[in-house]
Amino acid sequence: MFKNDLLAGKRILITGGGTGLGKSMGRRLVELGASLVICGRRREVLEATAAEFNAAFPGRTMPLTCDVRDPAAIETMLDQAWAVGPLDALVNNAAGNFIAKTETLSPRAVDAVLAIVLHGTAYMTLAVGKRWLAEERPGNVLSIITTYAWTGSAYVVPSAMAKAGVLALTRSLAVEWGSRKIRLNAIAPGPFPTEGAWKRLVPDSNLDAVWLHKVPLRRYGEHLELANLAAYLLADGSGYINGEVVTIDGGEWLKGAGQFNLMEMLSDAEWEAMRQRR
Ligand code: HXC
Ligand code: NAP
């Protein structure tokens, strides 16, 4: 759906770019001409992904280990990235999450998620943003959130708190940094199966069918659909979009929200019987 050189010349850092949706976005961005820096905690995972991308597009993907919870490690990584050339965009994709009854969570369990998602995203955004501001360079930050950033969700409470915070960060800095040519947006994906999310959040395969029923389009998202949306928001052609969150969920969250949406459970005979009773 795009010209192959849509992102030619752009250098984009993707946190958590070695696996799942980060990897799928990276594959598409590099295909569209971008150079990548991908980071995460596991070196072997990053190196395997970079080797795969570099086999198709030599020299365009640089794997750097970095724990986004560690501001000093972020500076080291950015020094290494900037030594090759300045970044044009940051994709805040790294996350941690699990399902649990909230009353069973220890303080460390709450912190484990908040530290990666909320603090890690803030540290990354500030570290990259400060460099752009100092160099008077335009920048683009895209954060991957969730639809429960605004609906909230039972059983993933630290994640909901953290993603809501990332949305607030996005909207706040879109205004504060906009006049200095740095824009910030977010994508809120619905269900896109990945190993990382599914083993923690959909551990019972019976839940799969229930989950699909929550989506009006009755299917999961395809990684390429999300990757194309990310490419659009990272391209200069979307340059007037700032402070926005784009939902890509097949209508899932609206289905949960609409007061009468549950009426889809009625059969045609039941609808007819109701009509007769009026
Ligand atoms: C209750 C749990 C728990 C669980 C960990 N803890 N898992 N408590 N239920 N399932 C508690 C531990 O007991 C410990 O507390 C504390 O959390 C820290 O655990 P660690 O294992 O030491 O944490 P850490 O090594 O920092 O790992 C962070 C993590 C892990 C979040 C727990 O899962 C991780 O690294 N995840 C990264 C990838 C990931 O989560 N991907 C999915 C993203 S999907 P105590 O008190 O016992 O010491 C996503 C999509 C949402 O966000 C929408 C999908 C549709
Ligand atoms: P995933 O494969 O588990 O991705 C998480 C990535 O984050 C991993 O590569 C992980 O690598 C990295 N990471 C975790 N903690 C880190 C840290 N402290 N420092 C640096 N990197 C860290 O899961 P995913 O499904 O692709 O999720 C990607 C994003 O999409 C997340 O923001 C998630 O919330 C969002 N999302 C996913 C879905 C879905 O249906 N899949 C739906 C809504 C939103 P290491 O473990 O090697 O560090």
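Order of appearance sets the numbers: ligands from 1, and atoms from 1 within every ligand.
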Looking at ligand 2, does any of its N/O atoms fall within less than 3.5 Å of an N/O of [X]?
{"X": "Phe192", "result": "yes"}
{"X": "Val68", "result": "yes"}
{"X": "Leu21", "result": "yes"}

Could you work out, for [atom], the closest of [options] by heavy-atom distance?
{"atom": "atom 22 (C) of ligand 2", "options": "Ala188, Ser24, Gly16, Ala94", "result": "Ala94"}
{"atom": "atom 25 (O) of ligand 2", "options": "Leu201, Val45, Val117, Thr194", "result": "Thr194"}
{"atom": "atom 37 (C) of ligand 1", "options": "Ala95, Pro191, Ala112", "result": "Ala95"}
{"atom": "atom 41 (N) of ligand 1", "options": "Arg42, Arg69, Lys163, Arg200", "result": "Arg200"}
{"atom": "atom 47 (O) of ligand 2", "options": "Arg69, Arg42, Glu195, His119", "result": "Arg42"}
{"atom": "atom 49 (C) of ligand 1", "options": "Leu105, Thr19, Val156, Asn97", "result": "Asn97"}

Quiz item: Closest non-hydrogen protein atom to atom 12 (C) of ligand 1, residue and atom name please, with distance?
Solution: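 I find the closest protein heavy atom is Ala109 CB, 4.8 Å.
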Give the numbers and elements of all ligand 1 atoms closer than 4.0 Å to a heavy atom of [X].
{"X": "Gly96", "result": "31 (C), 36 (N), 37 (C), 39 (C), 40 (O)"}
{"X": "Arg41", "result": "34 (C), 35 (O), 37 (C)"}
{"X": "Leu201", "result": "44 (S), 50 (C), 51 (C), 54 (C)"}
{"X": "Ser106", "result": "15 (O), 45 (P), 46 (O)"}
{"X": "Tyr148", "result": "51 (C)"}

Can you check whether a protein heavy atom sits less than 4.0 angstrom from [atom]?
{"atom": "atom 51 (C) of ligand 1", "value": "yes"}
{"atom": "atom 25 (O) of ligand 1", "value": "no"}
{"atom": "atom 27 (O) of ligand 2", "value": "no"}
{"atom": "atom 9 (N) of ligand 1", "value": "yes"}

Using heavy atoms and a 4.0 Å limit, tell me yes or no: is [X] in contact with ligand 2?
{"X": "Gly190", "answer": "yes"}
{"X": "Pro189", "answer": "yes"}
{"X": "Pro191", "answer": "yes"}
{"X": "Ser159", "answer": "no"}

Exercise. Using non-hydrogen atoms of the residue, decide whether Phe192 is closer than 4.0 angstrom to ligand 1.
Key: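 No; Phe192 lies far enough from ligand 1 that no heavy-atom distance drops under 4.0 Å.
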Quiz item: Non-hydrogen atoms of Lys101 versus ligand 1: any pair closer than 4.0 Å?
Solution: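 The answer is no: ligand 1 sits nowhere under 4.0 Å from a heavy atom of Lys101.
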Practice problem: Please could you name the atoms of ligand 2 that Thr146 approaches to less than 4.0 Å, counting only its heavy atoms? | Solution: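 That gives atoms 43 (C), 44 (C) of ligand 2.
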Self-check item: Contacting atoms of ligand 2, where contact means under 4.0 angstrom from a heavy atom of Lys163
Solution: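 Listed by number with element, the hits are 31 (C), 32 (O), 33 (C), 34 (O).
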Quiz item: Can we call the ring centroids of Trp177 and Trp132 under 6.0 Å apart?
Solution: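 That pair fails the under 6.0 Å test.
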Quiz item: Quick one: does ligand 2 sit under 4.0 Å from the side chain of Trp198, the backbone, both or neither, non-hydrogen atoms only?
Solution: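 The answer is the side chain of Trp198.
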Quiz item: For ligand 2, does Ile145 get within less than 4.0 Å through its side chain, its backbone, both, or neither, judged by non-hydrogen atoms?
Solution: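 Backbone only.
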Quiz item: Salt bridge check: are Glu31 and Arg28 linked by an N-O gap of less than 4.0 Å?
Solution: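 Yes, this pair counts.
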Quiz prompt | Side chain Asn185, main chain Gly243, donor-acceptor under 3.5 Å | solution =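 Yes; judged by distance alone, with no hydrogens or angles, the pair exists.
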Quiz item: In terms of side-chain heavy atoms, does Ser267 have a donor or acceptor partner in Glu270 at a distance below 3.5 Å?
Solution: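 There is such a pair (donor and acceptor under 3.5 Å, judged by atom type) between the side chains of Ser267 and Glu270.
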Quiz item: Between His223 and Phe192, how do the two ring planes meet: parallel, tilted or perpendicular, split at 30° and 60°?
Solution: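 Ring orientation of His223 relative to Phe192: tilted.
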